[in-house]
Amino acid sequence: QVQLAESGGGLVQPGGSLRLSCAASRFTLDYYDIGWFRQAPGKEREGVSCLSSGGRSTVYADSVKGRFTISRDNAKNTVYLQMNSLKPDDTAVYYCAATSPVFSQCVLRRQYNYWGQGTQVTVSS
């Protein structure tokens with residue numbers, strides 16, 4: 001019943017940019033912490049960024065800090081991940097996820113209850 005849908009992935013050259021979207025249905029996104037995660041073949045899932053409910057705080061993994069930006073459009077019930085200066089190591093399936101907030105700051109290393117199906121990002125020349 002609760003649904004998240006990612007879009008915006010694709011093939012991009014190193015140094016290029018992509019914007020991923022996470023559209024929510026059947027719940028109000030602003031009431032939840034939203035996280036972006038990624039998983040590359042043969043690797044564990046990695047937390048990329050999160051946005052706290054109400055936009056009170058943001059968190060970024062060190063590997064993407066300064067290159068990626070998470071944002072929200074409440075009117076569209078959508079969270080975005082702007083990815084700049086992309087590297088081949090950014091290649092992965094990217095997922096968005098939602099969970100009820102516990103603290104004012106979102107936390108990547110905790111359980112997220114609702115997940116999208118993922119969108120493929122490939123960075124290659």
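Counting begins at 1 with the first residue of the sequence.
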So does N74 get a backbone contact from the side chain of D30, meaning a donor-acceptor N/O pair under 3.5 Å? no
Begin with the C-alpha distance, continue with both residues' side-chain angles, and end with the deciding distance and a verdict on side chain to side chain contact (heavy atoms under 4.5 Å, CB included) for T58 and C106. CA-CA 7 Å; T58 58; C106 65; 5.9 Å; no
What's the spacing between E46 CD and R38 CZ if we round to 0.5 Å? 4.0 Å
Return yes if some donor-acceptor pair links the side-chain N/O of E6 with the main-chain N/O of C96 below 3.5 Å, else return no. yes
Rounded to the nearest 0.5 Å, what separates atom CD1 in I70 from atom CD in Q82? 12.0 Å
Drop me the distance from C22's SG to L81's CG, to the nearest 0.5 angstrom. 10.0 Å
Taking it one step at a time, do Q120 and T91 satisfy side-chain hydrogen bond (donor to acceptor under 3.5 Å, both in side chains)? CA-CA 8 Å; Q120 176 71 49; T91 296; over 6 Å; no
Interatomic distance, OG1@T99 vs CG@N113, rounded to 0.5 Å, equals 4.0 Å
May I ask you to decide if Q13's main-chain N or O and S125's side chain share a donor-acceptor pair within less than 3.5 Å? no
Can you check whether S17's main-chain N or O pairs, donor with acceptor, with N84's side chain at less than 3.5 Å? no
Shared ILVMFWY cluster between V93 and F68, side chains joined below 4.5 angstrom? no
Answer yes if Y31 and L29 sit in the same cluster of Ile, Leu, Val, Met, Phe, Trp and Tyr residues linked by side chain heavy atoms under 4.5 Å apart, and no otherwise. yes
Distance-minimising heavy-atom pair for G47 and A61: O-CB, 3.4 Å
Between D90 and M83, is any pair of side-chain heavy atoms under 4.5 Å apart? no
Partner set under ring-ring contact (aromatic ring centres under 6.0 Å, His included) for Y32, not counting sequence neighbours: F27
For the backbone of S100 and the side chain of D33, can you confirm whether one donor and one acceptor N or O come within less than 3.5 Å of each other? no
Are L108 and V48 in one and the same hydrophobic cluster, where Ile, Leu, Val, Met, Phe, Trp and Tyr link if side-chain heavy atoms are under 4.5 Å apart? no
Partner residues of Y112 under the ring-ring contact (aromatic ring centres under 6.0 Å, His included) criterion, sequence neighbours left out: F37
Tell me whether R67 contacts the main-chain N or O of S85 through its side chain, where contact means a donor paired with an acceptor under 3.5 Å. yes
4.5 Å side-chain heavy-atom contact, W36 and V79: yes
Report, as yes or no, whether the 6.0 Å neighbourhood of atom CZ on R110 holds more than 12 heavy atoms from other residues, nucleotides or ligands. yes
List the residues meeting salt bridge (charged side-chain N to carboxylate O under 4.0 Å, His left out) with D62, not counting sequence neighbours, and say none if there are none. K65
Would you say the side-chain atoms of S52 pair up with the backbone N or O of S57, donor to acceptor, closer than 3.5 Å? yes
Is a side-chain donor or acceptor of T78 paired with a backbone partner of K76 at a separation under 3.5 angstrom? yes
Cluster overlap Y80 with Y94, hydrophobic side-chain contacts below 4.5 Å: no
Specify the closest pair of heavy atoms between G9 and T119, including all atoms of both residues, with the distance to one decimal. N-OG1, 3.2 Å
Please answer: with hydrophobic residues joined when any side-chain heavy atoms are less than 4.5 Å apart, are V12 and L20 in the same cluster? yes
Hey, is CD on Q117 packed in by over 12 heavy atoms from elsewhere, all under 6.0 Å? no
